[in-house]
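In what follows, a single structure is set out as structure tokens and then discussed.
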Protein chains: 2
Amino acid sequence: MAKNDCRTKLMEIGTRLFAERGLHGVSIRELSQEAGASISMISYYFGGKEGLYSAVLQEQFACFDQIEEIRKQGAEPLDVIEGYIRWTLQRHRNNPYLLRFYTSELTNPTLWFHTIVQPAIEKIIRILIDVLDDGIRRQQFRKELHTGNAALALAGMANYFFLSTLATENLVSHSAENDEELIRQYAAIFTQGILASPP
Amino acid sequence: MAKNDCRTKLMEIGTRLFAERGLHGVSIRELSQEAGASISMISYYFGGKEGLYSAVLQEQFACFDQIEEIRKQGAEPLDVIEGYIRWTLQRHRNNPYLLRFYTSELTNPTLWFHTIVQPAIEKIIRILIDVLDDGIRRQQFRKELHTGNAALALAGMANYFFLSTLATENLVSHSAENDEELIRQYAAIFTQGILASPP
DNA sequence: ACGCTTCAATCGAACGTTTGTTATAAAAAA
DNA sequence: TTTTTTATAACAAACGTTCGATTGAAGCGT
């Protein structure tokens, strides 16, 4: 095998298996076998099974570093809200495993929750709260709005759509074709729900 | 020990431990020790570790059987929506473990997902879709509304508020004191977001 | 009230696997 | 030569399950 192919392959298979069955649901024997590498490479590169898991976790949540991008350009609160929904949907389309780690860590936190997961989620929620505060300052949104609760509501709408896929695919289409329409609908529901001066 | 105390205790501890660490994260030795019972009682009563897990799962999702109650009485769509939010919040307050199984099964489904979890979630989403369709028929809600997507949005708002607790408690209060206000806010955001004839 | 049987409930030890890790030596690649 | 990878074996620890023994209450004929 070529140089460092082994490390890459272990990360790849580790991502899939840990996402599918969690840290305790996968053995390093099965993992290394599927990766076509030998068992000892896990200790060699990552210092053990947990080291590999933490490396995978770090890689998965790295995409939250670029979240600030949804704020630039126009920076109109309404645009940012739609931008967040689009960003969230595309993020899950590009990497269907992330949500597994996301919710798994929220409900069964491991050692790395506070260093990797919590900062990432806090960062994005903080941005949403900022944007909503901004919208209130511009008198676009209702001034009684509790921006913390509203931010969680927005994040919940976008994430739960994917989270529920396995249980609701018989009832609602989760195909990527409808994503643009979904973005418009969710943006409409949320922004109309918080607009100032309702009739 | 009194008759069947053992069984009850095993269910009780099993619920807590499986919720906290998942099926694979708990050993029957630790479980039985915490329950003050001997290891063999798990096989005796439940046929094994997985049998205990499935019994716990069944018990956890039993509360979805009474979901129809939010439809009776007034049956005004707007009331049912608020009723759903309240029911969801109270459900999580009364049993903080349910959400762990709920999301754990959605992202790492076990053998019993299709027999226990999926039917429960489908049932409730179906009711929400029904109610939204009803509201459109009464011309209360926008007739362009995609009721499937909207139902998931509502469920997402209510559930994600709890799901995110561990990561967002520094930013947003999750105290039960504010529940009634939260219900009003979420009901307002959602219903105003789907109302007919926006200004 | 008595002795006897029955049976569900419980226990702790033992079994065979599988776990994650480590050590070793050799092969392959750079 | 140095780094990377392989294969293999060994290890103690932990795993889920099973087995035989023990307990104690209930049922029953006398």
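Naming convention: chains lettered A, B, ... in sequence-line order (proteins, then strands); numbering from 1 in each chain. None of these values were measured; they are calculated from a predicted model.
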Exercise. Kindly write out the residues that satisfy side chain to side chain donor-acceptor pair (under 3.5 Å) with B:E34, not counting sequence neighbours, or none if the list is empty.
Key: B:R16
Exercise. Find the distance A:D5:CG to C:dA30:C1' and express it as a whole number of Å.
Key: 14 Å
Self-check item: Phosphate OP1/OP2 of C:dT10: any B:Y44 side-chain N/O under 4.0 Å
Solution: no
Practice problem: Using atom CZ of B:F46 as one end and atom C1' of D:dT18 as the other, report the distance to the nearest whole Å. | Solution: 18 Å
Quiz prompt | Strand contacts (DNA chain D) in residues 13-27 of chain B, 4.0 angstrom heavy-atom criterion | solution = B:V26, B:S27
Quiz item: Looking for any heavy atom pair under 4.0 Å, which part of the strands does A:I42 touch: base, sugar-phosphate only, or nothing?
Solution: nothing
Practice problem: Taking only the side-chain heavy atoms of A:I28 (C-beta and beyond), determine which of D:dT17, C:dT21, C:dT10 contains the nearest atom. | Solution: C:dT21
Quiz item: In whole Å, what is the span from the CG atom of A:L52 to the C1' atom of C:dT21?
Solution: 14 Å
Quiz prompt | Candidate nucleotides D:dT17, C:dG20, C:dC11, ranked by approach to the side chain of B:K49 - the nearest | solution = D:dT17
Quiz item: Residues in ring-ring contact (aromatic ring centres under 6.0 Å, His included) with B:F190, at least two apart?
Solution: none
Self-check item: Closest listed nucleotide, where the reference is the side chain of B:R29 and the choices are D:dT4, C:dA14, C:dT19
Solution: C:dA14
Self-check item: A:D133 bridged to A:R137 by N-O distance under 4.0 Å
Solution: no
Output a table of nitrogen or oxygen pairs between the protein and nucleotides 23-26 of chain C separated by less than 3.5 Å.
none

Exercise. Just jot down the side chain to side chain contact (heavy atoms under 4.5 Å, CB included) partners of B:D130, sequence neighbours excluded, or say none.
Key: B:R71
Quiz item: What is the ring orientation for A:F162 with A:H92, classed by angle as parallel under 30°, tilted 30 to 60°, or perpendicular over 60°?
Solution: tilted
Quiz item: Separation of A:L10 atom CG from C:dG20 atom P, in whole Å?
Solution: 14 Å
Self-check item: Gap between atoms CD1 and C1', on B:I39 and C:dA14 respectively (whole Å)
Solution: 11 Å
Exercise. Specify the separation, in whole Å, of atom CD of A:E30 and atom P of C:dT19.
Key: 8 Å
Practice problem: Output the single nucleotide from C:dT21, D:dT17, C:dC11 whose closest atom is nearest the side chain of B:M41. | Solution: C:dC11
Quiz item: To the nearest angstrom, how far is B:K9 atom NZ from C:dA9 atom P?
Solution: 19 Å
Quiz item: Can you find a side-chain donor-acceptor pair between A:S104 and B:N108 that sits under 3.5 Å?
Solution: no
Quiz item: Under 3.5 Å, is there a donor-acceptor pair between the B:S40 and B:S38 side chains?
Solution: yes
Practice problem: Could you work out which one of D:dT6, D:dT17, C:dG20 sits closest to the side chain of A:C6? | Solution: D:dT6
Quiz prompt | Minimum-distance nucleotide (side-chain atoms of A:S43 versus D:dG16, C:dT22, C:dG12) | solution = C:dT22
Quiz item: Checking ring-ring contact (aromatic ring centres under 6.0 Å, His included) for the pair B:F18/B:Y53: CA distance, chi angles, key distance, verdict?
Solution: CA-CA 7 Å; B:F18 285 143; B:Y53 180 83; 5.3 Å; yes
Quiz prompt | Under 3.5 Å: donor-acceptor pair, side chain of B:E82, backbone of B:R184 | solution = no
Exercise. Apply ring-ring contact (aromatic ring centres under 6.0 Å, His included) to A:H146 and list each qualifying residue two or more places apart in sequence or on a separate chain.
Key: none
